[in-house]
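Before any comments, here is the structure.
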Amino acid sequence: MQSPKKGILLVNLGSPKSTSVKDVKEYLDEFLMDEKVIDYRWIFRALLVKGIILNIRPKKSAEAYKTVWTPEGSPLIVITEKIQQKLQDRVSIPVEIGMRYAEPSIQTGLQKLVDKGVNEVILFPLYPQYAMSTTETVIEKAEEVRAKYFPHLTIDYVPPFYQEEKYIECLSNSIEKNLPKDFDMLLFSYHGVPERHLYKTDKSKTCKIDDTHCIHSNNALHNTLCYRHQCYKTTELVRKKLGLPEEKVMVTFQSRLGKDKWIEPYTDETLENLPKKGIKKLAVVCPAFVSDCLETLEEIAVEGKEEFLEAGGASFTYLPCLNDDDEWVEVLRTYSENQVQNIAK
Ligand SMILES: C=CC1=C(C)c2cc3[nH]c(cc4nc(cc5[nH]c(cc1n2)c(C)c5CCC(=O)O)C(CCC(=O)O)=C4C)c(C)c3C=C
Ligand SMILES: [Fe+2]
Ligand SMILES: [Fe+2]
């Protein structure tokens, strides 16, 4: 038998190769044809994605990507690489990255680890909260790649860390560092998902009761797979850690696509309505994302700010994601270490 050699694979969502319409189209094709993202039967998904979305969206998305692109590439990839380097400096085993969509893919990342002699992988999906369109599709893809190309590899998955003590502490510290002294509300804007996705993964069959059930549920079967529950849980733990009153904190969901009902309240509608309710000084944080990306830098920090100020808001502060913050990298090291002892340098 081979002696075990461990390695870490950090997995994030992925970005297009470049901001060209062709590359954005190729990326969106792979992303939106994933049945865990658009969960229609293949024929209906293909009609919607290839027949409609890919004829309209790539041009608009490419323009949006151009506004956030850095000389080194997509912010999401560049930041994930920085996290990789910093984590590699702290552990004695190889660390690689893999993206669910586009390159460097999960297959590329696993191959790099295998080339370094790794036969036991700790795969870390960089999503604090579980969703069918994030954690679940990453695991499914990694298992597919493992079975096809690396049948002798063992993969351990780091579970969603939405309520883990060290993560909550780190997120709270980062918010505290960037939060202005004077603000009326701290808005937690999470990436949305179609409401139907919650029902699909809910083994307890209780999500359907209503939103408040999801938020306050103590049912472990429900809570481990309910994205809505986990977003509210992260928020509540951070709110308490920061000592903020309930009325100064709100949860919303951003980035919806298509005509289906997504989980509410929607970020864009809320940004328009808050000034009318006397909320003039707003701070916004996006904890579904560990690294800044198109959805935070363009949709929230630029578009969201504009919407809020045009609706009568006075100030809008976007609080950055954890990115390659040292305390966050240390949290990643600790959680990876929980899967395997003695990896610290
Ligand atoms: C953080 C968790 C994410 C969930 C949940 C999620 C669900 C989800 N997303 C789409 C559609 C799009 N998302 C897009 C970008 C995007 N999404 C996430 C994360 C989650 N998505 C990230 C980190 C990014 C940014 C990627 C980057 O390169 O910076 C896009 C592409 C951009 C655009 O055209 O607007 C789409 C489309 C669906 C349909 C969905 C749930 C079903
Ligand atoms: Fe998304
Ligand atoms: Fe739920």
Side-chain angles (χ1 to χ4, degrees), residues 12-19 23-25 27-40 45 48-49 53-54 56-65 67-70 73-80 99-102 125-138 160 189-217 219 221-233 253-258 260 262-263 286-300 303 321:
N12 210 335
L13 185 109
S15 293
K17 265 202 295 273
S18 80
T19 60
D23 287 342
V24 173
K25 187 171 181 176
Y27 163 77
L28 289 177
D29 193 4
E30 185 189 355
F31 185 1
L32 299 176
M33 281 306 289
D34 178 353
E35 66 171 332
K36 302 276 176 191
V37 175
I38 295 191
D39 57 328
Y40 299 161
R45 187 164 63 250
L48 175 66
V49 175
I53 300 178
L54 294 183
I56 306 164
R57 198 167 180 103
K59 194 161 175 272
K60 193 169 153 253
S61 292
E63 287 307 313
Y65 270 111
T67 68
V68 302
W69 214 255
T70 76
S74 134
L76 180 134
I77 307 274
V78 172
I79 293 164
T80 313
M99 299 291 148
R100 174 60 187 85
Y101 311 105
L126 292 174
Y127 304 110
Q129 297 83 18
Y130 164 88
M132 181 167 102
S133 49
T134 56
T135 321
E136 191 171 311
T137 185
V138 164
S189 175
Y190 293 86
H191 198 302
V193 293
E195 198 168 69
R196 186 183 60 250
H197 284 206
L198 300 187
Y199 305 152
K200 277 203 167 165
T201 53
D202 174 22
K203 293 200 172 78
S204 73
K205 298 293 162 216
T206 59
C207 271
K208 258 194 174 145
I209 299 173
D210 62 26
D211 305 9
T212 52
H213 169 80
C214 287
I215 298 168
H216 302 297
S217 171
N219 179 335
L221 190 59
H222 167 265
N223 296 357
T224 46
L225 295 177
C226 179
Y227 181 70
R228 179 156 56 197
H229 171 81
Q230 298 188 2
C231 294
Y232 277 92
K233 187 74 184 183
F253 298 94
Q254 64 182 79
S255 319
R256 66 187 188 282
L257 179 78
D260 292 332
W262 283 46
I263 53 177
C286 301
F289 309 90
V290 301
S291 44
D292 276 303
C293 61
L294 183 69
E295 310 298 85
T296 62
L297 299 171
E298 198 267 344
E299 187 178 337
I300 300 299
E303 295 290 322
C321 295

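Just so you know, these numbers come straight off a predicted model, no measurement behind them. For ligands, and for the atoms within them, numbers begin at 1 and follow the listed sequence. Note that the numbering runs from 1 along the sequence shown for the chain.
Not a single donor-acceptor pair under 3.5 Å links the side chain of Thr137 to the backbone N or O of Ser133. Using a distance-only test at 3.5 Å, with no hydrogens or angles considered, no donor-acceptor pair links the side chain of Glu30 to the main chain of Tyr101. Side chain of Tyr190 to backbone of Cys231: a donor-acceptor contact under 3.5 angstrom is found. Proximity of a side-chain donor or acceptor of His229 to a complementary backbone N or O of Cys214 within less than 3.5 Å is detected. A donor-acceptor pair under 3.5 Å is absent between the side-chain atoms of Glu299 and the main chain of Gln254, judged by distance alone. Asp260 places no side-chain N or O within donor-acceptor distance of the main-chain N or O of Pro194, the cut-off being under 3.5 Å. Under the 3.5 Å distance criterion, the side-chain polar atoms of Trp69 are left unmatched by any main-chain donor or acceptor of Ser18. Distance alone, capped at 3.5 Å, places no donor-acceptor pair between the Lys59 side chain and the Ile56 backbone.
Within the 4.0 Å heavy-atom shell around ligand 1 one does not find Lys60. Taking a 4.0 Å cut-off on heavy atoms, Tyr190 fails to register as neighbouring ligand 1. Residue Pro194 places a heavy atom less than 4.0 Å from ligand 1. Using a 4.0 Å cutoff on heavy atoms, Gly14 counts as a contact of ligand 1.
Of the polar atoms of Ser15, at least one N or O is found under 3.5 Å from an N or O of ligand 1, judged by distance alone. Annotation: Arg57 places an N or O atom under 3.5 Å from an N or O atom of ligand 1; distance criterion only. For a threshold of 3.5 Å applied to N or O pairs, the pair formed by His191 and ligand 1 contains at least one separation below that value. Checked against a 3.5 angstrom limit, the closest N/O atoms of Ser74 and ligand 1 fall outside it. Considering backbone and side-chain atoms together, Ser133 places no N or O closer than 3.5 Å to any N or O of ligand 1.
Angle SG(Cys207) to the Fe ion (ligand 3) to SG(Cys226): 110° [nearest 10 degrees]. Note: angle at the Fe ion (ligand 3), from NE2 of His222 to SG of Cys214, is 110° (rounded to 10 degrees).
Counting heavy atoms under 4.0 Å from ligand 1, residue Trp69 does not touch it at all.
Distance from atom 34 (O) of ligand 1 to its nearest protein heavy atom, with residue and atom name: Ser61 OG, 2.5 Å. Here the protein heavy atom with the shortest distance to atom 11 (C) of ligand 1 is Phe31 CZ, 3.9 Å. Glu295 CG, 3.7 Å is the protein heavy atom nearest to atom 25 (C) of ligand 1. For atom 42 (C) of ligand 1, the nearest protein heavy atom (residue, atom name, distance) is Val37 O, 3.1 Å. In terms of protein heavy-atom proximity, atom 29 (O) of ligand 1 is nearest to Leu294 N, 3.0 Å. Counting only heavy atoms of the protein, atom 31 (C) of ligand 1 lies nearest to Leu28 CD2, 3.8 Å. Looking only at heavy atoms of the protein, atom 2 (C) of ligand 1 is closest to Thr134 CG2, 3.5 Å. The protein atom (non-hydrogen) at minimum distance from atom 40 (C) of ligand 1 is Trp262 CH2, 3.7 Å.
If you check the side chains of Ser291 and Asn12, you find a donor sitting under 3.5 Å from an acceptor. Counted by atom type alone, Thr212 and Asp210 present one or more donor-acceptor pairs between their side chains at under 3.5 Å.
Within the 4.5 Å cutoff, the side chain of Lys36 has no heavy atoms near those of the His197 side chain. No side-chain heavy atom of Tyr227 sits less than 4.5 Å from a side-chain heavy atom of Thr134.
For ligand 1, the atoms sitting less than 4.0 Å from at least one non-hydrogen atom of Leu76 are 23 (C), numbered in the order shown with element in parentheses.
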side-chain hydrogen bond (donor to acceptor under 3.5 Å, both in side chains) between Glu298 and Thr67, intermediate numbers included: CA-CA 7 Å; Glu298 198 267 344; Thr67 68; 4.8 Å; no

